[in-house]
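Accompanying notes for the structure given below.
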Amino acid sequence: MEKIALLNKYGLFDAKVPRYTSYPPANHFENGVGPRHQDSWLRAVPDGAEISVYVHIPFCKRLCWFCACRTQGTRTLRPVDAYVEVLKAEITKVRSKLPKGVKMARLHLGGGTPTILSANTMRDFLGSIFGAFERTATHEFSVEIDPTEASTELLDTLVEFGLNRASIGVQDFAEHVQDAIGRPQNFEQTARVVTHLRAAGVPSINMDLLYGLPTQTHQSFHATINQVLKMRPDRLAIYGYAHVPWMSKRQVMINEADLPKPITRFELAEIAQRRFVDAGYGMIGIDHFALATDSLFDADARGQLRRNFQGYTDDTADTLIGFGASAISKFREGFIQNAPSTSAYQERIADTGFAGHKGYVMSDHDLLVAQMVEDLMCRFAIDDKKLMAAFPDQETVIRQTVVSLMNEFQDLLFIGKEGLMLRHQAYALVRIIAKRIDDFTSVGESHSAAV
Ligand code: SF4
């Protein structure tokens, strides 16, 4: 069957499904999981464990219309500086609960706009967090950088503290697209930041693009890709724009009539895939690309790709600690999300030192489903033998799931060396298949388009 007909048969162009950056997705987190769990799960992290840390900076100088991130606009740095003081208090509290020998293998600053911090505040903050957590020898320090905001002094401060992966949001360089999404960012300023970081010795540059944006055309997207390839980032991610104005009020500024049709969205994604692969990038999962020198490429080749809130990753840590408003922590036992608004977050830290307001306690069944979803998303396979070895009490569920999937997706799946495997042609359907494994997802919830 022709590829588009096959994808259409399984509803790719209409389906709304979770991105499965976590299992269960964050909209299934429950009230009643909070500081008490946080306290005991932090204490239960094994001494000597290597953990990952995420810090959320929920402020931006401008609010781009397309963006559904949890962030607030500010014209002054006063609320940002006050927030950083609260972050430092949260870090002190959390660190005091973790065993002494725990080390930090990764630190990622995301937002919002982490580069909104002044160089002085950033220096103070990084001094605190690196003072609290000893780093591993192969530590990764990554920051989301807004090229329209980051001063040279700030970039140099990040480099001084060991920045080794810079993540730069591009979205699209076409002026008409930027006008339609309320985000001016030209190629020259982006290229200047990339050149500066490389000259300063930052070894890895990531870039994110969006397809499905208003007024985007095949031709304009080719032009953006040409400009991106000139900068030769080490790693790329291309995401579909999710138009959810009922969840992200800013998106009402976007003219719905300018949005590309689902088939055009699909074609734009295919253009990016073809162009990046032709330019020497390996395709990683469904939406990432990496040069052979990048660690993500290596993790994929070794079958060790993982899924986290940033998408695909080579991070192998079992524990992720999230600091800041709305940040999510992941433990073996479950998830905890901090209070989403900066005011509620700050109040909670002032009251108890912890900001967890909801979360999820993983059952054995959840752990199995999470593993199946991650295997499918990362390896396009469900290895029933490996799963049975890891979850011996749940053999029946594993067998039943494999049989049900085989029955429902006969022309997409086959039995291969890694168990139940997805045909290459059908990779774009992986989230739809994952949804069938997911007991939690029910019709009518607000998810993003499958393409
Ligand atoms: S795209 Fe970046 S700068 Fe724009 S609103 Fe979102 S987080 Fe802020």
Side-chain angles (χ1 to χ4, degrees), residues 3 7 12-13 15 17-21 64 66-69 110 142 144-145 147 165-174 177-178 180-181 183 185 187 190 194 204-243 259-291 294 296-297 299-300 305 307-314 377-378 380 424 427-431 447-451:
K3 185 173 177 183
L7 301 178
L12 181 74
F13 303 111
V17 281
R19 290 185 188 278
Y20 289 114
T21 51
C64 314
F66 73 94
C67 177
C69 291
S142 55
E144 288 168 20
I145 289 172
R165 186 174 293 283
S167 188
I168 299 177
V170 168
Q171 327 315 338
D172 192 302
F173 281 128
V177 176
Q178 295 187 355
I181 61 173
R183 182 189 167 91
Q185 175 185 334
F187 169 70
T190 308
V194 170
S204 185
I205 306 281
N206 297 5
M207 282 184 190
D208 292 349
L209 294 180
L210 280 180
Y211 64 86
L213 290 172
T215 78
Q216 215 169 29
T217 63
H218 297 81
Q219 201 186 2
S220 71
F221 204 45
H222 269 295
T224 287
I225 291 170
N226 290 343
Q227 289 172 306
V228 166
L229 289 176
K230 268 191 204 154
M231 294 181 281
R232 196 109 179 125
D234 301 86
R235 199 183 282 184
L236 280 154
I238 163 140
Y239 302 113
Y241 165 64
H243 190 63
L259 292 171
K261 301 215 166 358
I263 185 70
T264 311
R265 285 171 64 95
F266 173 72
E267 287 163 359
L268 292 168
E270 291 264 293
I271 286 173
Q273 276 179 29
R274 206 174 48 246
R275 295 285 315 273
F276 293 143
V277 170
D278 287 351
Y281 289 83
M283 185 164 177
I284 313 290
I286 51 172
D287 49 19
H288 281 47
F289 301 84
L291 293 174
D294 190 90
L296 199 65
F297 185 98
D300 187 39
L305 198 62
R307 196 91 177 128
N308 73 2
F309 295 107
Q310 268 94 48
Y312 289 102
T313 180
D314 54 341
M377 294 294 299
C378 295
F380 302 107
H424 192 267
Y427 279 7
L429 293 165
V430 69
R431 286 165 56 199
H447 299 301
S448 61
V451 61

Grab the two heavy atoms, one from [X] and one from [Y], that are nearest each other, plus how far apart they are.
X	Y	result
Tyr312	Met377	OH-O, 2.7 Å
Ala428	Leu12	O-CD1, 3.3 Å
Ile168	Pro147	CG2-CG, 3.6 Å
Arg307	Arg19	NH2-O, 2.8 Å
Thr215	Ser220	O-OG, 4.5 Å
Leu268	Pro260	CD1-CG, 4.4 Å

About how many Å separate [atom2] of [Y] and [atom1] of [X], when rounded to the nearest 0.5 Å?
X	Y	atom1	atom2	answer
Leu296	Thr313	CG	OG1	7.0 Å
His424	Met283	NE2	CE	7.0 Å
Cys69	Glu144	SG	CD	7.5 Å
Arg235	Asp314	CZ	CG	5.5 Å
Asn206	Leu236	CG	CG	8.0 Å
Lys261	Glu267	NZ	CD	12.0 Å

Within the structure provided, determine whether [X] and [Y] are in side-chain contact (heavy-atom separation under 4.5 Å).
X	Y	result
His288	Tyr239	yes
Arg165	Asp294	yes
Tyr427	Gln273	no
Cys64	Ile181	no
Asp172	Leu210	no
Ile205	Met231	no
Thr264	His218	yes
Gln216	Thr224	no

Exercise for the section: Taking the six-membered ring for Trp and the single ring otherwise, decide whether the centroids of Tyr281 and Phe289 are under 6.0 Å apart. Expected result: no
Practice task
Verify the ring-centre separation between Phe221 and Tyr211: is it less than 6.0 angstrom?
Solution key: no
Practice task
Check step by step if side-chain contact (heavy atoms from CB on, under 4.5 Å) holds for Gln178 and Phe173.
Solution key: CA-CA 7 Å; Gln178 295 187 355; Phe173 281 128; 4.1 Å; yes
Exercise for the section: Indicate yes or no for a side-chain donor-acceptor contact from Arg265 to the backbone of Leu259 under 3.5 Å, with no hydrogens or angles considered. Expected result: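 Checking the backbone N and O of Leu259 against the side chain of Arg265, no donor-acceptor pair under 3.5 Å is found.
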Exercise for the section: Using the ring of Phe187 (Phe, Tyr or Trp, six-membered ring only), decide whether Lys230 places NZ or CZ under 6.0 Å from its centre and within 45 degrees of its axis. Expected result: yes
